[in-house]
Q: 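Got a structure for you, questions after.
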Amino acid sequence: MNELITGGADDIVSLADLVAAHHAVERHHIRVAYAAARLAAQGEWAVEGWLSAAPWLAHHLGLTRLEANRLLREGRFLHRYDVAREAVLAGTLSRAQLAVLRLAVTTDTAEVFLEHQQWLVPVLAPLDIVNTARAVNEWRERAEAVSSGAAPTVRDNEWAMSKLADGSSVGRFAFDAAITEAIERALQTAHTWDGPGDTRTPGTRQADAVSNVFTFFNKNSDSNGTPRHRPHLDLHQEVSALGEFGPVVTDAGRILPAWAADLNLCDCVVHRAIRAESVLLDYGRATRSVPNILFKALAARDGGCRAPGCTRKKAWCDAHHIVWWRKHGDTKLDNLILLCAHHHRLIHRDGWEVRLEADGTAVFTLPDGRTLSSSPRGHPRQRAA
């Protein structure tokens, strides 16, 4: 730790070094605050003739009175609440999170926090500072109700989401404990990990898990078994360019980005609208890009997601055209593989490539040139002699 604190800035050459140095500084500050509160309690400042500990510390440490008072308050908080102290020393709770928590622990809520720190601190540890503040404010409201003997305020469940111009979305939510428990269990089930090479952040993995939950529900909300509740897409074509597909529009009227359109076109219900200028010449009958009987054969062969290391079962998977449907890839067994929603997005959005060998082996080429392979997990039917 001393090397990280006393070394030159050139010693920090990577993000990991920077994180380690930051944690070392935070732990060092916590020890200083803890020691300052302990020494102040011993009363040496009075022996030297100071009226209180704060100006004594300000004088000897070269601090302002405000900084000295803040250091003492932090140290006294750490003396009383050992769970918070150990979390900061372990690097699982930041000083910024500690400051948010300390402001919420008032005279009215101090005794409640003494009882609640065992479970509240671990809940706060993985949160960013914004969500820490929200969680702490929620706890403070309930703690104040407990200390006053009043019934805690129960917030209504809320979900607010706005779509942006590029089709993405932002939003916020607030759920009660029962829904939160259901969400956590669903995300645990839907969570994926691609092994040591998985470079996604925890937040990205959580977002992918949310996508998996929604995708699974959309495909399986009406019945059990093999998922076949596919998106409906309109393909708008000009009569002068029948060989090329124009923009892809959902049945809600939203134009999809190219990669998202290709992802959905792998396995969807397609309506083809042919126009000449403003005249609608034909709105073709809905067709299925992968018929049910073919999908069942595909599911029997692959058994689940074919991405190497992925254990997603077939109910979570889409039929992916190896030569993409938009690029006139054939809808036949040797041009199809099963992919879960996460790996299907990687193929269409992030530039992964895949080919299918004659023996059913799927070979994936990653954007960095590495290749990974997987074998079929199912048991394809044998042809009759």
Side-chain angles (χ1 to χ4, degrees), residues 1-9 11-12 18-118 120-125 127-148:
M1 182 190 74
N2 290 335
E3 292 178 358
L4 286 168
I5 293 176
T6 60
D11 295 337
I12 301 175
L18 182 62
V19 171
H22 176 71
H23 286 165
V25 170
E26 293 215 324
R27 289 194 297 271
H28 193 67
H29 180 93
I30 288 301
R31 291 190 175 95
V32 169
Y34 188 80
R38 185 183 69 249
L39 294 173
Q42 293 175 0
E44 186 176 344
W45 51 270
V47 176
E48 293 187 15
W50 296 92
L51 295 177
S52 67
W56 171 70
L57 280 177
H59 173 74
H60 286 289
L61 300 182
L63 304 175
T64 65
R65 182 74 68 86
L66 180 64
E67 290 170 331
N69 274 314
R70 185 182 298 119
L71 187 68
L72 281 173
R73 286 196 297 269
E74 189 171 7
R76 289 164 181 160
F77 186 88
L78 293 167
H79 266 272
R80 184 171 192 191
Y81 304 111
D82 57 317
V83 176
R85 179 180 70 248
E86 294 306 315
V88 180
L89 288 175
T92 57
L93 197 72
S94 71
R95 281 188 59 225
Q97 289 176 294
L98 182 70
V100 170
L101 187 56
R102 186 167 54 79
L103 290 174
V105 180
T106 62
T107 302
D108 293 335
T109 60
E111 292 301 321
V112 179
F113 181 66
L114 195 59
E115 297 179 7
H116 289 186
Q117 62 171 333
Q118 292 284 353
L120 181 58
V121 170
V123 167
L124 299 178
L127 302 181
D128 60 26
I129 193 64
V130 173
N131 287 314
T132 294
R134 289 173 179 166
V136 168
N137 285 337
E138 178 75 18
W139 171 83
R140 178 179 53 78
E141 291 179 7
R142 294 175 179 273
E144 288 173 348
V146 170
S147 63
S148 66

Q: Of all heavy-atom pairs between Ala37 and Gly75, which one has the smallest distance, and what is that distance?
A: CB-C, 3.5 Å
Q: Could you give the distance from CZ (Arg31) to CG (Leu89), rounded to the nearest 0.5 Å?
A: 5.5 Å
Q: Evaluate the side-chain proximity of Trp56 to Leu39: yes if any heavy-atom separation is below 4.5 Å, no if none is.
A: yes
Q: Provide the closest heavy-atom pair for Ala104 versus Thr109 in the form atom of the first, atom of the second, distance.
A: O-OG1, 3.0 Å
Q: Are Glu144 and Val112 side-chain neighbours, meaning at least one heavy-atom pair lies under 4.5 Å?
A: no
Q: So do the side chains of Leu51 and Trp45 get within less than 4.5 Å of each other, counting heavy atoms only?
A: no
Q: If you define the side chain from C-beta out and look only at heavy atoms, does anything of Arg102 sit under 4.5 Å from Arg70?
A: yes
Q: Quick one: does Leu18's side chain get under 4.5 Å of His22's, heavy atoms only?
A: no
Q: His79: what forms a ring-ring contact (aromatic ring centres under 6.0 Å, His included) with it, not counting sequence neighbours?
A: Tyr34
Q: Is a side-chain donor-acceptor pair under 3.5 Å present for Glu111 with His116?
A: no
Q: Would you say the side-chain atoms of Asn137 pair up with the backbone N or O of Ala133, donor to acceptor, closer than 3.5 Å?
A: yes
Q: Any chance you could lay out the side-chain contact (heavy atoms from CB on, under 4.5 Å) test for Val123 and Trp139, step after step, and finish with the verdict?
A: CA-CA 11 Å; Val123 167; Trp139 171 83; over 6 Å; no
Q: Residues in ring-ring contact (aromatic ring centres under 6.0 Å, His included) with His29, at least two apart?
A: none
Q: If you take all heavy atoms of Leu71 and Ala36, which pair is closest and at what distance?
A: CD2-CB, 3.9 Å
Q: Quick check: closest heavy atoms across Gln97 and Thr132, and the distance to 0.1 Å?
A: NE2-OG1, 2.9 Å
Q: Which pair of heavy atoms, one from Gln117 and one from Asp82, lies closest together, and at what distance?
A: NE2-OD1, 3.4 Å
Q: If you measure from OG on Ser52 to CG on Leu72, what distance do you get to the nearest 0.5 Å?
A: 8.5 Å
Q: Just so I know, are the side chains of Tyr81 and Val105 near enough to count as touching, which here means a heavy-atom distance under 4.5 Å?
A: yes
Q: About how many Å separate CG of Leu120 and CD of Glu115, when rounded to the nearest 0.5 Å?
A: 13.0 Å
Q: In Å, rounded to the nearest 0.5 Å, how long is the span from OG1 of Thr64 to CG of Asn69?
A: 8.5 Å
Q: Under the criterion side-chain contact (heavy atoms from CB on, under 4.5 Å), I'd like the reasoning laid out for Glu67 against Leu61: C-alpha separation, chi angles, the key distance, then a yes or no.
A: CA-CA 10 Å; Glu67 290 170 331; Leu61 300 182; over 6 Å; no
Q: Does the side chain of Ile30 come within less than 4.5 Å of Glu74's, by heavy atoms?
A: yes
Q: Partners of Glu86 by side-chain hydrogen bond (donor to acceptor under 3.5 Å, both in side chains), sequence neighbours excluded?
A: none
Q: Please tell me if the side chains of Val25 and His28 come closer than 4.5 Å, counting only heavy atoms from C-beta onward.
A: no
Q: Take the angle between the ring planes of His60 and Trp50 and call it parallel below 30°, perpendicular above 60°, tilted in between.
A: perpendicular
Q: Can you give me the closest heavy-atom contact between Ala135 and Leu124, atom names plus distance?
A: CB-CD2, 3.8 Å
Q: In terms of side-chain geometry, is the basic nitrogen of Glu138 or Arg142 positioned less than 4.0 Å from the acidic oxygen of its partner?
A: yes
